[in-house]
Participant: 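Below are the structure tokens for one structure; questions will follow.
Keep in mind the model is a prediction, meaning the values are calculated, not measured. Along the sequence shown, residues are numbered consecutively beginning with 1.
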Amino acid sequence: MTTRTEPDLLIVGGGSTAFAAALHAADLGKTALLIEERTVGGTCANRGCLPSKNLIEAARLLHEAAHPRYPGLTPVQMPASWAELLEQKDALVQTYRWERYERLLREIGGLGLVQGRAQLRSSHVVAVSGPDGTRQLRGRQLLIATGSRPVVPALPGLEDVPFLTSDLLSSADDPWQTSLRQQPRSLVILGGGAIALELGQLFARLGTQVTLLTRGAQPLSGVEPELAQALAELLRAEGVQLLTRVQVQGVAPGERGVAVTFQRGGQPETLEAERLLVATGRRPNTDGLGLERAGVALEADGAVRVDRTLRTSVPHIWAAGDVIGMAWGNQLATPVGAADGKLAAHNALSGEPPRAVDHRVVPRCIFTDPPLAMVGLTDAQAQAAGLACACRVLPLSLVPRAGAIHRTQGLVKMVVERASRRVLGVSLLGESAGEVIHEAAMALRFGATLEDFTELIHVYPTIAEALKLVALSFTRDVRLLSCCAS
């Protein structure tokens, strides 16, 4: 592993965005040096996507055993060890981190890593403070890829109680770890977004008494309301207490651990639980980086301001990933950051005319069970954009595969532009939604119409057939079809 002090691309960050940029630099025959204060791999590999989906699947197996879908199968109460689940999760994370990050630094020429806290001294120079003191590094081109961190709201009393954030699944060897090494008997979650719902269902299925408090009329703002409401009802049916239209007033130590006071319907209420999880969003990591000293402009929320090519206000400094916030339709998601990291490196190093970022077709998935996946515009977004559109919502019970496997919970919704019949958006709540949504994403990428969905022959029976059925529902009653949706 090299530690060049003046690489072609000096990258502040060591997560998926940073590594995608570094790998593309190597592909271009250039050198790249990453600066990372924490463990390489970023939030996704160490504290977010990988560990949470690992444990979510374990909880699903536990739930399936206790609630078999098929008559004739006897429920089984499987014993579960939280400590052993965390141990296997940590082992998985360590293996993944080595294979996808640390090993690359050893085996790919031109890449290097410096551990420590970075601060820009000028537009070309970054000071790195580590265990052996401070050193200064110079880069011809710079990339800011420091990601994001959980938002901690200014809530009265929060500084007086121990609380968890969405980074709670960090491994025990993380020096910044906020890991939950003991499973709580009860848990209050502040928030109604994807992380809150995923972790809420996870802990509830493992036996924790879970209550979610969200400000909105329903969780998942920005998601098609029919699907968000259906998912909320499914979680409530599993025993998750989900309270909406809640205004949290403050928190304090309580007899059971923590007491949360809030108003709902104009009435004051207090709820106690063993632990508190704050899952109220994420914010860009730009504090203390010295970006202003280098002349890099920031947005009001702290995000780095970039143009469509991911160039900052300083011509040779670029930014990508969560650190640019929602600029140009950006999504705070690992694959988006990786794609943009590669683009930023290409624009910085290739010598070609800069390419513009494209976030028009970004499939997303919330890994509840069943999962909720979406791509393109919602009905509300299409209307806000001035598009005359039509929508159809279809229950998953009309999809033969869903009935065959007794997994009929869910809905599929399609948004179509009236004049062109072009499909603008698809949302799917149901079995395998995170896999099926890629068919819709590819269709949107190439401007597919309703007829493209209805005329495509699908494997029978599959959940993907839901896309064909909802497209057919614009012109006919799909309850009156034989098999294969023909």
Participant: Is a donor on one side and an acceptor on the other found under 3.5 Å between the side chain of R311 and the backbone of P315?
Facilitator: yes
Participant: Would you give the length of the straight line joining atom CG of D322 to atom OG1 of T286, rounded to the nearest 0.5 angstrom?
Facilitator: 12.0 Å
Participant: Side chain of N347, backbone of R355: donor and acceptor closer than 3.5 Å?
Facilitator: yes
Participant: Q331 and H359: side-chain donor and acceptor closer than 3.5 Å?
Facilitator: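 No pair is found: no donor N or O on one side chain lies under 3.5 Å from an acceptor on the other.
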Participant: For atom NZ of K413, decide whether the heavy atoms of other residues, nucleotides or ligands shown that lie under 6.0 angstrom number more than 12.
Facilitator: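 Above 12, so yes.
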Participant: Would you confirm whether D340, through its side chain, and G321, through its main-chain N or O, come within 3.5 Å as a donor-acceptor pair?
Facilitator: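 Flag not set: sc D340 to bb G321 has no pair under 3.5 Å.
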Participant: Parallel, tilted or perpendicular: which fits the ring planes of W82 and F203, with parallel below 30° and perpendicular above 60°?
Facilitator: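 Plane angle between 30° and 60°, so tilted.
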Participant: Looking at E99 and R103, is there a salt bridge between them, counting it only when a charged N and a carboxylate O are closer than 4.0 Å?
Facilitator: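 Looking at R103 and E99, the cut-off is not met.
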Participant: For D287, is there an ion pair with R149 - N to carboxylate O distance below 4.0 angstrom?
Facilitator: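 The answer is yes: the pair qualifies as a salt bridge.
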Participant: Ion pair present between D358 and R445, side-chain N to carboxylate O less than 4.0 angstrom?
Facilitator: no
Participant: Is there a donor-acceptor pair closer than 3.5 Å between any side-chain N or O of S313 and the backbone N or O of A297?
Facilitator: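 Flag set: sc S313 to bb A297 pair under 3.5 Å.
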Participant: With the threshold set at 4.0 Å, does a side-chain nitrogen-carboxylate oxygen contact exist between E198 and K53?
Facilitator: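 Counted as a salt bridge, because a side-chain N and a carboxylate O are separated by less than 4.0 Å.
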Participant: Just how far is it from atom CZ of F19 to atom CG of L113, taken to the nearest 0.5 Å?
Facilitator: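 The distance works out to 6.5 Å.
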Participant: What's the spacing between Q201 CD and L212 CG if we round to 0.5 Å?
Facilitator: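 Going from the CD atom of Q201 to the CG atom of L212 covers 10.5 Å.
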Participant: Does any N or O in the side chain of E465 come within less than 3.5 Å of the main-chain N or O of R401, such that one atom is a donor and the other an acceptor?
Facilitator: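 Looks like no, no N/O pair under 3.5 Å.
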Participant: If you measure only the distance, is there a donor-acceptor pair under 3.5 Å linking the side chains of R138 and Q136?
Facilitator: no
Participant: Thinking salt bridges, do R407 and D369 make one under a 4.0 Å N-O criterion?
Facilitator: yes
Participant: Quick one: do the R97 and N46 side chains pair a donor with an acceptor below 3.5 Å?
Facilitator: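 Yes.
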Participant: With a 4.0 Å cut-off, would you call R205 and E238 a salt bridge?
Facilitator: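 Yes.
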Participant: Could you tell me whether R181 and D90 make a salt bridge, using a distance below 4.0 angstrom between a side-chain N and a carboxylate O?
Facilitator: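 Between D90 and R181 there is a salt bridge, with a charged N closer than 4.0 Å to a carboxylate O.
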Participant: Rounded at 0.5 Å granularity, tell me how far CD in E431 sits from CD in Q409.
Facilitator: 9.0 Å
Participant: If only atom types and distance count, is the side chain of T208 paired as donor or acceptor with the main-chain N or O of A204 below 3.5 Å?
Facilitator: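 No; zero donor-acceptor contacts below 3.5 Å.
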